[in-house]
Amino acid sequence: MLVVLEDDDRSLSRDAARIVAHTVLSQPRVTLGLATGSTPIGMYRELVRLNREEKLDFSHVVTFNLDEYIGLTPGHPQSYHAYMARHFFDHVNIPPENIHIPDGSVRPSYDEYCAWYEACIREAGGIDLQVLGIGKEGHIGFNESSSSLRSRTRPKVLAIQTVKDNRRFFGPREDVPDCAITMGLGTIMDARKILLLASGAHKAKAVAAAVEGPVTASVTASVLQFHPHVTVLADRDAAAELRRTSDYRRIMEMTRKTNSGRLW
Ligand code: GLP
């Protein structure tokens, strides 16, 4: 696991976008796994800028989103469909048929629908780079504490803390969804490379537990310790509870030196 200590959310967003851009440039037919939440918004903004100003081409890129609320139609302003359109898809040249986001309004059997989503990922050749945020209690996607470490895409009941955290996005009289369809931890772990973004003091405990704590289903991000290619970008506040920061800095320097200044 490569832990990159970022000064602030700005440098984190810029580096995250650079990593995605580098991946797209070196492999134009790349399959990206994408995340929502407030953390990756700056990364999407920078990718939109690179597309506009530096002609970063997304025309062959295929995407799979991690999750979606159950009960919200794709047109609902707080759905992850709407989020992705607002922050990314409406502004870059990814063909709509290359975009996949779980549909939280499907009525047929979830088992069938989730198996179909997994089959689409397989047919696309698997995910090359999966972008992740992290929840306050250490979840990735909507894989709450006690998720099976080998779980696949499935419906999941959200933790009380997650529902509370998400309330800020909904109106005072609106119900906050308490269930979601999410890629499983096994699905995420199948990605060839993983990029986890963490910003803000409220993520410090989760980051420390995920990176330096024991691998446990109580902090589902900790399963990433078993993955051979994970990069964690954490800003100063999110990295505040990490203990091995001087080691991470040394590895960062060594990686940069041997990689013409790049971390990726
Ligand atoms: C939700 C999403 C996660 C995201 C997390 C943190 O639980 N399903 O993918 O990482 O929120 O969101 P934020 O970046 O807003 O803190």
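We count ligands from 1, going down the list as the structure has it; atoms in each ligand are counted the same way.
Applying the 4.0 Å criterion to heavy atoms of Thr39 picks out, from ligand 1, the atoms 13 (P), 14 (O), 16 (O). Here is the list of ligand 1 atoms found below 4.0 Å of a heavy atom in His139: 1 (C), 7 (O). Close approach of ligand 1 to Arg168 (heavy-atom distance below 4.0 Å) involves ligand atoms 15 (O). Contact atoms of ligand 1 toward Tyr80: 1 (C), 2 (C), 8 (N) (distance under 4.0 Å to a heavy atom of the residue). Within ligand 1, the atoms closer than 4.0 Å to a non-hydrogen atom of Gly133 are 10 (O), numbered from 1 in the order shown.
Looking only at side-chain heavy atoms (C-beta outward), Val4 and Tyr248 stay at 4.5 Å or farther from each other.
Proximity of Lys136 to ligand 1, defined as any heavy-atom pair under 4.0 Å, is not found for any part of the residue.
When only non-hydrogen protein atoms are considered, atom 16 (O) of ligand 1 lies nearest to Lys203 NZ, 2.5 Å. Of the protein's non-hydrogen atoms, the one nearest atom 4 (C) of ligand 1 is Thr36 O, 4.2 Å. Distance from atom 8 (N) of ligand 1 to its nearest protein heavy atom, with residue and atom name: Asp67 OD2, 2.8 Å. Counting only heavy atoms of the protein, atom 12 (O) of ligand 1 lies nearest to Gly37 CA, 3.9 Å.
Nearest heavy-atom pair, Ala206 versus Gly135, reported as atom, atom and distance to 0.1 Å: CB-O, 3.5 Å. Between Val232 and Val211, the closest heavy-atom pair is CG2-CG2, 4.3 Å.
One finds no salt bridge joining Glu253 and Arg256 here, because no Lys/Arg side-chain nitrogen approaches an Asp/Glu carboxylate oxygen to under 4.0 Å.
For ligand 1, the polar-atom distance check against Gly141 finds a nitrogen or oxygen pair separated by under 3.5 Å. Residue Asn166 has no nitrogen or oxygen atom sitting less than 3.5 Å from a nitrogen or oxygen atom of ligand 1, judged on distance alone. At least one N or O atom of Ser38, backbone or side chain, sits closer than 3.5 Å to an N or O atom of ligand 1. The distance criterion of under 3.5 Å between nitrogen or oxygen atoms is met by Ile134 with respect to ligand 1. Between His202 and ligand 1, no pair of N/O atoms sits closer than 3.5 Å.
Put simply, the side chain of Asp235 never gets that close to the backbone of Glu6: no donor and acceptor are under 3.5 Å apart. A donor-acceptor pair under 3.5 Å is formed between the side chain of Tyr117 and the backbone N or O of His100.
Val219 and Val215 fall into different hydrophobic clusters, where Ile, Leu, Val, Met, Phe, Trp and Tyr are joined by side-chain heavy atoms under 4.5 Å apart, directly or via other members.
Remark: the Arg154 side chain and the Asn143 side chain contain an N/O donor-acceptor pair separated by less than 3.5 Å. At a cut-off of 3.5 Å, with distance as the only test, a side-chain donor of Asp57 or Ser59 sits close to an acceptor on the other residue.
Within a 6.0 Å sphere centred on CZ of Arg168, heavy atoms belonging to other residues, nucleotides or ligands number more than 12.
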